[in-house]
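Notes for the one structure printed next.
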Amino acid sequence: MTADSGPTPGADVSTATESGAIPLSEVAGPFDLQATVESGQSYLWDRPDGRMYESMDAHGGDAWYRTVAPPIDGVTDDPIAVRIRQREGRLEWVATDDPVPLVTHLLRLDDDLDAIYDAAPDDDLIQRAVDAYRGLRLVRDPPFPCLISFICSAQMRVARVHGMSVGLAESFGTEYDLGGKAVPAFPEPDQLAGRTEAELRDLKLGYRAPYVKRTAEMVAEGAAHPTEALGLGYEAAREYLTQFVGVGDKIADCVLLFSLGYLEAIPLDTWIQTAVAEYYPDCDCGTYAETSRALRERLGGAYAGYAQTYLFYYLRVRGDE
DNA sequence: TATCCAAGGTAAGTT
DNA sequence: AACTTACCTTGGATA
């Protein structure tokens, strides 16, 4: 029983910081940090300048982005707080520990993007989206924060989902010191499971509040964990994730694509469904599972999720056409 | 100023 | 299995 029942997070202060840079010449293919982090596929990064989502068409911005990542199997043993910015062909970083393996993992700098473009469908709409946002990479969000943040995304605008995610971190997460600035980590399962529905509603989660609480309880109690979907076939993995409260097919696909590395997953959100009606009407098979399958074929199979994410960003930012 | 509406859906109840 | 409906909240559109 910790005594942190209030909104004040425990302070976990580590004062040591390191800094350095990743030359982007070492990355296979192009990279666009802003497009990657502000495209609405991850809600776990924040801009200390407070201008998240305010200028999504401005390419090559050199803003700082920061996050705190929990330990990740095979990548990091401890939480790392990091901030990065893209500038002059390098990815500059300041962090509480060497973040290069972590950042490479989180932002999929190990993907050969040129090869993925080569495999992209010969499709006018997709090609336009790729041309518009060349360098946008998928992310590998930590599984639990990804799961919770996407439960929050139901019927919600991108900027507000990000706001909820930041609110959860500020209210219930552990703070880390990064060069003198306090950076809150996304709450761990027990840090959310212990909250009341009312506390979560105070953060404007609305009807998602009990979903978040119950899912956090399931993970905290060990009843299930999103990483247990790893190793299952794509559709079985999606089915596994829908056992979490507040998770249907769409949000399950988001977790598979944006956290667990199922690049064939294509979340059928309202934007993509509009695109199906307008550009791929023959892929509309009625049910989610069937339409998903048909569209996945159309968008190139194994990397269909990449096409989905370019399409989502392109349609959402450009309005239409 | 007041009202309406959609926002990266899901759960629960009906047919 | 497919179809309805309720659900929190808010910023922007419309009257």
Please report the distance, rounded to the nearest Å, between [atom1] in [X] and [atom2] in [N].
X: A/Ile251; N: B/dG9; atom1: CD1; atom2: P; result: 8 Å
X: A/Met156; N: B/dC5; atom1: CE; atom2: P; result: 18 Å
X: A/Gln155; N: C/dA6; atom1: CD; atom2: C1'; result: 12 Å
X: A/Leu200; N: C/dT9; atom1: CG; atom2: C1'; result: 15 Å
X: A/Lys250; N: B/dA11; atom1: NZ; atom2: C1'; result: 17 Å
X: A/Gln243; N: B/dT10; atom1: CD; atom2: P; result: 15 Å
X: A/Leu147; N: B/dG9; atom1: CG; atom2: C1'; result: 14 Å
X: A/Ile151; N: C/dT9; atom1: CD1; atom2: P; result: 18 Å

- prompt: Below 4.0 angstrom, N of the basic side chain to O of the carboxylate: do A/Arg140 and A/Asp110 qualify?
  reply: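 A salt bridge is present here (some side-chain N lies under 4.0 Å from a carboxylate O).
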query: If you measure from the Lys or Arg side-chain nitrogens to the Asp or Glu carboxylate oxygens, is any gap between A/Arg293 and A/Glu235 under 4.0 Å?
result: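 So A/Arg293 pairs with A/Glu235 through a salt bridge.
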- prompt: With rounding to whole Å, what would you report as the distance between B/dC5 and C/dA6 at their P atoms?
  reply: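 About 15 Å, rounded to a whole number of Å.
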message: Between B/dT10 and C/dG11, how far apart are the two P atoms, rounded to whole Å?
response: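 Those two atoms are separated by 24 Å.
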Going by distance alone, is a donor N or O of one side chain under 3.5 Å from an acceptor N or O of the other, for [X] and [Y]?
X: A/Tyr306; Y: A/Asp111; result: yes
X: A/Gln273; Y: A/Thr291; result: no
X: A/Thr242; Y: A/Arg238; result: no
X: A/Asp253; Y: A/Tyr234; result: yes

Would you mind classifying the nucleic acid contact of [X] as base, sugar-phosphate or nothing, using non-hydrogen atoms under 4.0 angstrom?
X: A/Ile272; result: nothing
X: A/Glu197; result: nothing
X: A/Val245; result: sugar-phosphate

field: Main-chain N/O of A/Thr287 paired with A/Glu290 side-chain donor or acceptor, under 3.5 Å
entry: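 Not at all, since once roles are kept as given, no pair shorter than 3.5 Å links the two residues.
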query: Hey, does the side chain of A/Arg160 reach the backbone of A/Arg157 with a donor-acceptor pair shorter than 3.5 angstrom?
result: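 Checked: no pair found.
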field: Interface residues of residues 252-259 of chain A with DNA chain C (non-hydrogen, below 4.0 angstrom)
entry: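 Those residues: none at all.
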message: Short of 4.0 Å, heavy atom to strand atom, which residues of residues 201-216 of chain A count as contacting DNA chain C?
response: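 DNA chain C contact set from residues 201-216 of chain A: A/Arg201, A/Lys204, A/Gly206, A/Tyr207, A/Arg208.
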Return all side-chain donor-acceptor pairs below 3.5 angstrom for residues 65-79 of chain A, not counting sequence neighbours, or 'none' if the list is empty.
from, atom 1, to, atom 2, distance (Å)
A/Tyr65, OH, A/Glu38, OE2, 2.5
A/Thr67, OG1, A/Leu44, O, 2.7
A/Thr76, OG1, A/Ile72, N, 3.1

query: Considering residues at least two apart in sequence or located in another chain, which fulfil the salt bridge (Lys or Arg N to Asp or Glu O under 4.0 Å) criterion with A/Asp122?
result: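 Scan of A/Asp122 (salt bridge (Lys or Arg N to Asp or Glu O under 4.0 Å), adjacent residues dropped) gives none.
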query: Under 6.0 Å from the CZ atom of A/Phe31, do we count more than 12 heavy atoms belonging to anything else shown?
result: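 Enclosed: over 12 neighbouring heavy atoms sit under 6.0 Å from CZ of A/Phe31.
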- request: Could you check A/Phe244 against A/Phe312 and say which one's nearest nucleotide on DNA chain B is further toward the 5' end?
  value: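 Its nucleotide being nearer the 5' end, the pick is A/Phe312.
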- prompt: Which of residues 284-296 of chain A have a heavy atom under 4.0 Å from DNA chain B?
  reply: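 Heavy-atom cutoff 4.0 Å gives no residues at all.
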task: Tell me the partner of B/dA2, counting only Watson-Crick (N1-N3 plus N6-O4 or O6-N4) or G-U wobble (N1-O2 and O6-N3) with both under 3.5 Å; none if nothing fits.
output: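 Paired with B/dA2, as far as the under-3.5 Å criterion goes, is C/dT14.
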- prompt: Can you name the side chain to side chain contact (heavy atoms under 4.5 Å, CB included) partners of A/Val139, sequence neighbours left out?
  reply: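 So A/Val139 forms a side chain to side chain contact (heavy atoms under 4.5 Å, CB included) with A/Thr36, A/Gln41, A/Ser42, A/Leu107, A/Asp141, A/Phe258.
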